[in-house]
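See below for the structure under consideration.
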Amino acid sequence: MELPKAYNPHEVEDKIYSEWESKGYFHAEPILDKNPYSIVIPPPNITGILHMGHALNNTIQDILIRFKRMQGFGAEWMPGTDHAGIATQNVVERRLAKEGIKRHNLGREKFVDEVWKWRDEYGSTIIRQLKKLGCSCDWQRTRFTMDEGLSEAVLEVFVRLYDKGLIYKGNYIINWCPRCQTALSDEESQHKDVDGMLYHIKYPIKDPSGGVDKHVVIATTRPETMLGDVAIAVNPKDDRYKDLKNKTLVLPILNRELKIIYDGLVDMKFGTGALKVTPAHDPVDFGLSLKHGLEQINVMNDDATINSLGGDYEGMDRFEAREAIIEDLKERGLFIKSEPHRHAVGHCYRCHTMVEPRLSLQWFVKMKPLAQPAIEAVRSGKIKFYPERWTKVYLDWMENIRDWCISRQIWWGHRIPVYYCKKCSSLRPKDQILRSASGLPQNDGNIGLGAIISKSRPDKCPKCGSTELEQDPDVLDTWFSSWLWPFSTFGWPKESKDLEYFYPTDSLVTAQEIIFFWVARMIMAGLEFRHDIPFKNVYIHGTVRDITGTKMSKSLGNVIDPLDMIQKYGTDALRFSIISITTQGQDVFLSESKFELGRNFANKIWNASRFIMMNLKPEEISVDLCVFYKGAKLTLPEKWILSRLYSTLGYVGKCLDEFKFNEAANAIYEFVWHEFCDWYIEIVKPTINEKNSQVILYKILEKSLRMLHPFMPFITEEIWQKLPRSKGVTGESIMVQPWPHIQSEMISKKDEDDMKRLIELITSIRNMRAVWNIEPRTKTSVVINIHDSEVEKLLADNVDLVKSLARIADLKYGAHPKPESSAVSIVGNMEVYMPLEGLIDFEKEKLRLVKEEARMQAEMKSLTTRLNDNNFTSRAPREVVEKQEERKAELAIQIKKMSENLKEIGV
RNA sequence: GGGCAGCUAGCUCAGUUGGUUAGAGCGUUGCGUUCACAUCGCAGAGGUCACAGGUUCGAAUCCUGUGCUGCCCACCA
């Protein structure tokens, strides 16, 4: 069968993909005689569209899973999406706002219905795009974090953690996003440097005698929070404030009396050394309030406007209030100065609004007990990070882990499985009933009276029988469902064959941004709920950036859309390009032109295949390669290309096992293009109809396609389908073919070295031709002077090869003197002469040779010093010394010959 | 404040556990269209491996320090 003249990816990709899918190749079932290999997708969120980060991430996973599938593993790649609570709610809210509808007017239930509708319509965009990328995910198993099964897992986990005393409700300073109007976890608050101001403000000292203008100066970046001040803190060692003891200060404007407290926490060097204490709006101050028994005054509403405790400023936005307060302080003569101050401030990771630290009643997970086994799992090497340096990042975070705020004041998500009995909530604390699903009474001072922790809504209060129950209005952090992904997707909490077979999974491929959000928490969840690690390897790939090093983002407009690139260059080109430039653990700097690499390679593969298939005679090729190899007499190029194939194959397998995807891709590229196409195919042309050529061309092509398939699935499939059938080449899809077996008896270092020597010889002859402007059609005569019998034999065996590739009419070799007027080139032990009667320009030749000789002399000098050094010869490995001695001997001959040549042309 | 990366050819980057003459792609120079491929072929030019010390027979590679660049973490208001 012949291939069309040009490869058109768009014509075949969709067809090939749907065929794979319809034949069920992506699906894996637990099969006992196969070893499992499973990976789970880092679930993209349903508001997402495919970006380059996804393209890189999923190409890597697809390479792994296709590789393992071909190797015969029960290869399962579990796909799915997460519900992205805040992000999705924001998207739907914005959509409704366009129609003039507000979330709160719609009501909770109707709003959630709207989100589901939106999800049904748009939530699978990313899935379709992953299919465009060629991902061989097991779509039959596609999961969503809000699916029934996964939701069940979430509730189960909440109740279990509660029963274990690891979930509590408490009043703490949390990160509050005033725009999304919800609490955020520490990880969801991203620190960014902002240029702010440091304001110096006088706080008057209350003087019983009255009238004297004494004050303490404090420095603050958020003057508006002074409305919630309850004290001034200074360091006990600070001499400046020694005599403040027993004094009282007055809060400007509100005129509240403030205590002075002494605490070593206060940094004497910062600002004035006096710290205003605002327990409801700052974590440090909150800590001080607990320690010193101070009141906590929250002065803000949910939208960060000032509340009724803020006096005249009520209703103002926090930044408005800041300005107004500064103005008022100026009027009263209490404002000293403001100076520019750059500092890190938390921002909402979804909407980038400045986070307001704020006292709030939220649900938390106690993390320390969960972290301990997760630390151990990584320390002991049961879980390995690639590259290894992420281990330290992980451990540092884990060892300093803080409790996880899991409640969100939004509507889209898993609702917290806690119900409050209206009647019981009026009972005194000692009578309160807190009943979990397991029936064990629990107690928690903050959880509220009459609370019932239950996976399903109870009919009535177990204590008083009242049916007036209200569910907690909050939903759980999206990551509270994602952290269960590796087992909830396989059916947990129900035991299943899938779970038993595929868990723990093998490798997790993800981006560094997500180590804390997701990777660390999955490890904790896996160990807590399955008593086993969720995966063995964590491969962290780099961030995709544009060519200036900026992270790609829609708002910056520097995005290179993978779907555009697929449209322009084809999926395989996209995949191969991005993989070949992604070094393990390094960020990827992308520009559109980089995709040409993959496109050109695809083109090369196509044309080489087309050429081979045009010339193949199906009756010649139906042999087993091993049988053929034993029976046939092979030429050096034939032995060489087989050796190179299997060397490459071994290297590629090793690289994939070590997550060195770019090295694998580049090894294949080098082999296919620069060895197979550039040399072997050129060599084989004159004898292409012979049996040996036929078999070897066919086998190399066929095995190269299989080796390449994980990287470039579509083009390899398209060619495979048109390939003549033979032993080992069935009509079935290439994706279910076995990974080629390494025939190590065909790997020969000597053959590879010999061929390398011939290639060097041919290259140098071509070089002489180029230098002397000999037209390609003109055949020259060449004389090669050789003293080494082995090299002479090598040349004798391959004389036709050299003659044809170097376009030589007349080749003499052996012990020959230099012919008159010839150009010279020295290659290893060979002295190559090209007679150029009348053509030779001695000045030009002189320059060339002098330069060459100087290079040789320099090398000789350094070699001699090294070899004369006793330390070197005695300490270096024998191999190295031998090699260098060989090189020296060769170099000595070369220099001798070179100087003879130089003498001859009068130097 | 703590930590992590990067600095190699004009550009973008590889460089295995230290060991011959440091590589690729793009760009560039010369030649080439007799039919697999111009998304191509052949040949070339181009590098003090950021800097300074150190370890070693030997350093792009290991150690220390410096300088830029980028990233992550962090309760100096």
Side-chain angles (χ1 to χ4, degrees), chain A residues 3 5-7 173 191 198 218-222 225 233 265-267 269-271 274-278 282-287 341 343-344 357 387 389-390 392-393 396-397 400 512-513 515-516 542-543 545 547 549-551 569 573 580-581 583 585-587 589-591 593-594 596-597 599-615 651 654-655 658 660 662-663 666 669-670 674 677-678 681-682 685 763 766-771 773-777 855-856 858-859 862-863 865-866 869-877 879-881 883-884 886-888 891:
Chain A
L3 294 178
K5 188 145 174 79
Y7 174 58
I173 298 277
H191 289 259
L198 189 61
I218 60 91
T220 178
T221 54
R222 295 191 295 155
T225 63
L265 217 68
V266 180
D267 182 351
K269 283 183 285 266
F270 187 89
L275 168 70
K276 72 193 235 341
V277 182
T278 323
D282 186 280
V284 176
D285 299 7
F286 179 72
H341 181 66
H343 60 144
R389 73 180 127 92
W390 295 109
K392 191 172 175 294
V393 176
D396 284 350
W397 187 76
N400 299 301
Q512 63 200 53
E513 299 101 81
I515 295 178
F516 306 139
T543 308
R545 300 174 186 283
I547 207 70
T550 321
K551 192 168 165 176
Y569 300 97
S580 73
I581 60 175
T583 315
Q586 281 324 119
D587 285 353
F589 295 82
L590 219 52
S591 63
S593 62
K594 294 199 171 179
E596 289 173 6
L597 172 94
R599 181 201 56 186
N600 295 354
F601 187 44
N603 180 257
K604 191 75 186 176
I605 293 161
W606 184 260
N607 281 297
S609 305
R610 195 161 67 90
F611 171 73
I612 293 168
M613 284 158 71
M614 272 170 8
N615 289 288
Y651 186 68
K654 181 172 164 267
C655 288
E658 292 169 1
K660 293 176 177 171
N662 67 321
E663 287 188 44
N666 294 334
Y669 180 93
E670 176 69 19
H674 296 306
C677 292
D678 286 353
I681 292 183
E682 290 310 314
K685 277 177 180 174
T763 302
R766 285 173 175 172
N767 180 6
M768 283 195 277
R769 296 178 59 106
V771 168
N773 290 323
I774 295 166
E775 284 192 28
R777 70 193 56 176
R855 200 193 54 74
M856 288 178 186
E859 196 191 334
S862 74
L863 261 179
T865 4
R866 204 175 307 157
D869 186 341
N870 238 342
N871 280 322
F872 171 67
T873 45
S874 60
R875 293 194 201 189
E879 281 175 17
V880 175
V881 179
K883 256 188 174 178
Q884 302 213 357
E886 260 172 55
R887 173 71 190 152
K888 194 188 167 189
L891 208 55

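These numbers come from a predicted model, not from an experiment. Just so we're on the same page: letters track the sequence lines, and every chain starts at 1.
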Review point. Heavy-atom distance under 4.5 Å between the side chains of A/His343 and A/Leu198, does that happen here?
Key: no
Exercise for review: Compare all side-chain heavy atoms of A/Glu663 with those of A/Tyr651 and state whether any distance is below 4.5 angstrom.
Suggested key: yes
Per [X] side chain, nearest of listed nucleotides [options]:
X	options	value
A/Asp267	B/C76, B/A74, B/C37	B/C76
A/Thr220	B/C37, B/A77, B/U20	B/A77
A/Arg866	B/G15, B/C40, B/U21	B/U21
A/His191	B/C75, B/U21, B/G44	B/C75
A/Lys392	B/G3, B/G6, B/G25	B/G3
A/Arg855	B/U21, B/G44, B/C37	B/U21
A/Lys883	B/U20, B/C42, B/A77	B/U20
A/Phe872	B/G19, B/A43, B/A77	B/G19
A/Asn607	B/U39, B/A36, B/U16	B/A36
A/Arg610	B/C37, B/A77, B/A74	B/C37

Review point. Is A/Lys685 close enough and on-axis enough to A/Phe611, meaning under 6.0 Å and within 45°, for cation-pi?
Key: yes
Taking only side-chain nitrogens and oxygens of [X], does any of them come within less than 4.0 Å of OP1 or OP2 of [N]?
X	N	answer
A/Asn600	B/C40	yes
A/Lys888	B/U20	no
A/His343	B/C76	no
A/His341	B/A77	yes
A/Thr763	B/A43	yes

Check your understanding: Start at the 5' end of RNA chain B and walk down; is the nucleotide closest to A/Trp397 or to A/Ala274 reached first?
Key -> A/Trp397
Practice item. Using heavy atoms to find the nearest nucleotide of RNA chain B for A/Asn767 and A/Tyr7 separately, return the residue whose nucleotide is more 5′. Key: A/Tyr7
Starting at atom [atom1] of [X], determine the distance to atom [atom2] of [N], rounded to an integer number of angstrom.
X	N	atom1	atom2	result
A/Glu663	B/G23	CD	P	16 Å
A/Asn871	B/A59	CG	P	13 Å
A/Leu597	B/C13	CG	P	15 Å
A/Asn603	B/G41	CG	C1'	13 Å
A/Phe601	B/A24	CZ	P	16 Å
A/Asn615	B/C37	CG	P	12 Å

Does [X] contact [N] through a side-chain donor or acceptor facing the base, at a distance under 3.5 Å?
X	N	answer
A/Lys660	B/A14	no
A/Gln586	B/A14	no
A/Arg887	B/U21	yes

Practice item. Using distance alone, with no hydrogens and no angle criterion, decide if A/Asn666 and A/Asn662 have a side-chain donor and acceptor under 3.5 Å apart. Key: no
Review point. Is the shortest side-chain N to carboxylate O distance from A/Arg855 to A/Glu859 below 4.0 Å?
Key: yes
Practice item. For the pair A/Tyr669 and A/Phe601, name the ring-plane relationship: parallel under 30°, tilted 30 to 60°, perpendicular over 60°. Key: tilted
Review point. Expressed as a whole number of Å, how far does the P atom of B/A9 sit from that of B/U48?
Key: 9 Å
